[in-house]
Amino acid sequence: MSPEIGTHQLESDTAGDMNFKETELTLALPGESRTLKEMNGGKIGTKRGFLETVDLNLGSLRADCSDKDRNESENDVLTAAKPPAAKAQVVGWPPVRDYRKNAMKSCKYVKVAVDGAPYLRKVNLEMYNSYEQLLSALEDMFSCFTIRNYLNERKMVNGVENVPTYEDKDGDWMMLGDVPWKMFVESCKRLRLMKSSEANGLAPRTPSKCSSTSG
Amino acid sequence: MLRMARSLPEEVLEHVFSFIHSDKDRNAISMVCKSWYEIERWCRRRIFVGNCYAVNPSMVIRRFPEVRSVELKGKPHFADFNLVPDGWGGYVYPWIAAMANAYPWLEEISLKRMVVTDETLELIAKSFKNFKVLVLSSCEGFSTDGLAAIAANCRNLRQLDLRESEVDDPSGHWLSHFPDSFTSLVSLNISCLGSEVNFSALEHLVGRCPNLRTLRLNRAVPLDRLANILRRAPQLVELGAGTYSAELRPDVFSSIAGAFSGCKELKSLSGFWDVVPGYLPAIYPICSSLTSLNLSYATIQSPDLVKLVSQCQSLQRLWVLDYIEDIGLEALAAFCKDLQELRVFPSEPFALEPNVSLTEQGLVSVSEGCLKLHSVLYFCRQMTNDALVTIARNCPKMTRFRLCIIEPRTPDYITLQPLDDGFGAIVEHCKDLRRLSLSGLLTDRVFEYIGTHAKKLEMLSVAFAGDSDLGLHHVLYGCENLRKLEIRDCPFGDKALLANAAKLETMRSLWMSSCSVSFGACKLLGQKMPRLNIEVIDERGPPDSRPESCPVEKLYIYRTLAGPRFDMPGFVWTMDEDSALRFS
């Protein structure tokens with residue numbers, strides 16, 4: 001624990017007079033070696049992978065703020081060169097806004113018809129990662145209808161029940177949930193939320209296949 | 001002097017003041033003497049509040065009773081990159097509620113990074129009879145229901161601009177709420193909307209608004225609808241196309257090409273999602289008069305981009321993806337001699353290896369060929385000090401320079417040295433530099449250069465840089481015009497902050513996240529600086545549940561006349577005079 005913090009005075013009046021070159025401020029604990037600063041330009045010369053950087057950042061100091069753990073984490077920072085972790089993304093880096101990242105995703109708009117609704121909507125299938133997300137979005141869009149969950153759970157509101165179906169590349173109407181999500185996105189041409197009564201003629205589904213929900 | 005002021009009638013002074021528009025000048029006028037302050041405050045029509053928590057609505061209303069236009073900003077800039085947790089704040093409703101009573105003749109509201117609700121929009125729609133302009137930039141919290149209220153009620157609406165806002169849009173039918181009698185629209189920007197709007201309602205709206213100058217469509221507007229829309233608005237000056245892709249068919253092509261040729265006033269283009277290159281020639285006839293081109297969503301490769309930009313001799317602003325590559329930037333440098341602003345965005349920001357041949361050389365080429373270049377945002381994967389020095393020497397008039405080398409702490413790839421000297425050259429040669437974003441491997445030295453030379457700098461963004469508090473001290477001590485400083489993942493702690501506490505009152509705000517500022521220092525600052533709000537943002541729970549020396553996750557400091565705010569969520573604590581007592 002640094003003793004400096006507790007007794008530190010505000011030095012706003014004398015800021016201009018401080019000669020930092022002489023005081024050589026660093027963030028080390030008292031007695032800590034200044035290895036980091038003494039190295040080439042203050043950093044280890046070789047380019048470190050970003051992922052190592054993530055591991056080595058000051059977050060490791062903050063995570064455990066007790067004395068014992070702190071000394072150990074400090075050593076980690078100074079000895080460096082951990083092997084690269086699995087691909088981890090740091091929040092907010094690089095500084096690209098979400099809508100730009102989304103814009104780069106390809107777009108697969110398909111029409112959605114709901115039996116009983118007066119208008120067609122379109123959805124971009126690339127915006128979703130799973131059947132669940134898609135169905136939830138559809139429920140938002142057509143809020144006065146309910147959609148039978150692909151797992152065959154019934155959701156009843158207003159006593160009306162809809163079964164989500166889609167027309168695939170071959171022109172066949174299928175129920176949602178049979179194929180892995182990505183395969184569905186690729187082969188789906190349009191969606192239709194059918195009344196349960198009409199869905200009887202469709203190819204029967206095997207519930208056991210719907211374990212893969214995300215692509 | 002005072003005698004002179006009294007001898008001029010108020011009406012005369014007011015008339016003189018009516019020619020003064022800039023806030024700075026208006027503020028200066030109001031400081032001359034008490035009577036000028038009084039006269040000025042009654043005739044100020046525009047208010048800009050750069051931080052909505054720096055002042056509260058009643059203070060503004062009390063001082064300026066006759067305002068017609070309000071601009072407010074909420075969350076700090078780093079909210080754009082998800083560094084500010086949801087629920088932090090920036091709610092605009094209290095402002096609108098207060099203004100609904102005080103400013104019945106309010107005409108314009110511009111908001112940036114604020115939380116706007118449907119209730120807010122409904123209140124706007126019914127409170128201001130002469131409402132004309134609504135700009136919601138990077139806002140969130142509202143849906144198309146709110147927009148429907150605006151459409152239905154604002155009879156004199158001229159501008160509806162939703163730029164980059166996050167809109168919950170379950171229904172595309174809000175556009176139909178503009179009554180048939182509504183014809184006053186001048187500017188409509190719906191490019192951020194995810195789902196479709198009703199196309200025939202859109203066409204009808206466009207067709208009946210003869211003064212429409214700006215139309216930015218969203219991605220859901222397909223190419224085959226564009227021609228119809230353009231034919232109804234040949235007077236358009238700014239167009240954002242929707243999706244620019246369809247099966248290549250000669251009839252569709254000639255329809256679109258014809259529609260574009262009919263738009264003789266077009267100066268600005270944007271949109272262009274999912275571009276099919278075969279349709280690009282449709283815009284060639286209007287390229288030579290374009291001054292602004294935003295292709296930052298267009299996934300077209302450099303050969304097509306070269307063909308395009310080489311025809312845009314009047315281009316002043318270009319936003320583009322790094323698909324343009326060095327070769328495309330060379331063409332830009334050769335053909336677009338009027339270029340002032342360039343932004344190059346990364347097509348694959350998370351890829352570990354470069355996917356395009358875009359290097360420091362591209363930016364150097366542009367700096368050599370485009371002598372008017374003064375605003376740059378450039379994402380790349382490699383840089384050298386030499387390149388930066390060359391750019392600095394070529395562009396002494398640079399005012400905004402934002403460089404993002406994608407991998408943090410990347411050194412000069414040839415010398416393996418930090419990029420201190422390169423950025424140092426930028427601040428030394430570009431004496432008018434107002435905004436700077438740093439990246440790459442940087443030591444405290446770059447901050448020494450900045451503190452020494454960047455005297456006009458107003459906004460600085462720093463990430464993964466520096467060695468010690470000395471770096472932060474250089475900036476706070478040396479940058480006389482600094483207003484906004486945002487820092488993430490830097491080894492800056494308590495010393496420089498406490499030593500330069502008074503400086504913080506001269507700035508709009510300071511953001512520090514993943515740095516080493518201790519809770520104890522935050523408390524101390526809160527005690528000593530009553531005109532600052534010291535907000536500790538920490539999702540690990542109350543800061544006093546950890547030792548005082550423990551660094552806080554995020555820190556947001558801003559000057560304010562309004563005291564601590566009352567709308568903080570559970571993960572934000574304000575350090576004030578009482579905090580020492582409350583937290584002990």
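None of these values were measured; they are calculated from a predicted model. Order of the sequence lines fixes the chain letters, A, B, ..., with proteins taken first and strands second; residue numbering starts at 1 for each chain.
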(request) Starting at OG of B:Ser138, measure out to OH of A:Tyr99 and round the result to the nearest 0.5 Å. (result) 6.5 Å
(message) So which atom in B:Arg488 and which in A:Val90 form the shortest heavy-atom distance, rounded to 0.1 Å?
(response) NH2-CG1, 2.9 Å
(request) Quick one: which of B:Ser245, B:Pro222, B:Ser296, B:Gly194 has the most heavy-atom pairs under 4.5 Å with chain A, could you say? (result) B:Ser296
(message) Keeping A:Trp93 on the side-chain end and B:Ile406 on the backbone end, is there a donor-acceptor pair under 3.5 Å?
(response) yes
(message) Does A:Lys111 have more than 12 heavy atoms from other residues, nucleotides or ligands lying within 6.0 Å of its NZ?
(response) no
(request) Answer yes or no: are there more than 12 heavy-atom neighbours, outside A:Gln133 itself, under 6.0 Å from its atom CD? (result) yes
(message) Would you say that more than 12 heavy atoms from the other residues, nucleotides or ligands in this model lie under 6.0 Å from the CD of B:Glu140, or not?
(response) yes
(message) Please identify, among B:Trp273, B:Phe345, B:Phe78, the residue contributing the most non-hydrogen atom pairs under 4.5 Å to chain A.
(response) B:Phe345
(request) Against chain A, label B:Ser347 side chain, backbone, both or neither, depending on which of its atoms sit under 4.5 Å from a heavy atom there. (result) both
(request) Applying side chain to side chain donor-acceptor pair (under 3.5 Å), name anything that partners A:Arg190, two or more places apart in sequence or on another chain. (result) A:Glu167
(request) Please name the pair of heavy atoms, one in B:Phe379 and one in A:Pro95, separated by the smallest distance, quoted to 0.1 Å. (result) CZ-O, 3.4 Å
(request) To the nearest 0.5 angstrom, please state how far the CZ atom of A:Arg97 sits from the CZ atom of B:Phe81. (result) 7.5 Å
(message) If we define contacts as heavy-atom pairs under 4.5 Å, which of B:Thr299, B:Leu476, B:Asn82, B:Asp80 has the most with chain A?
(response) B:Asp80
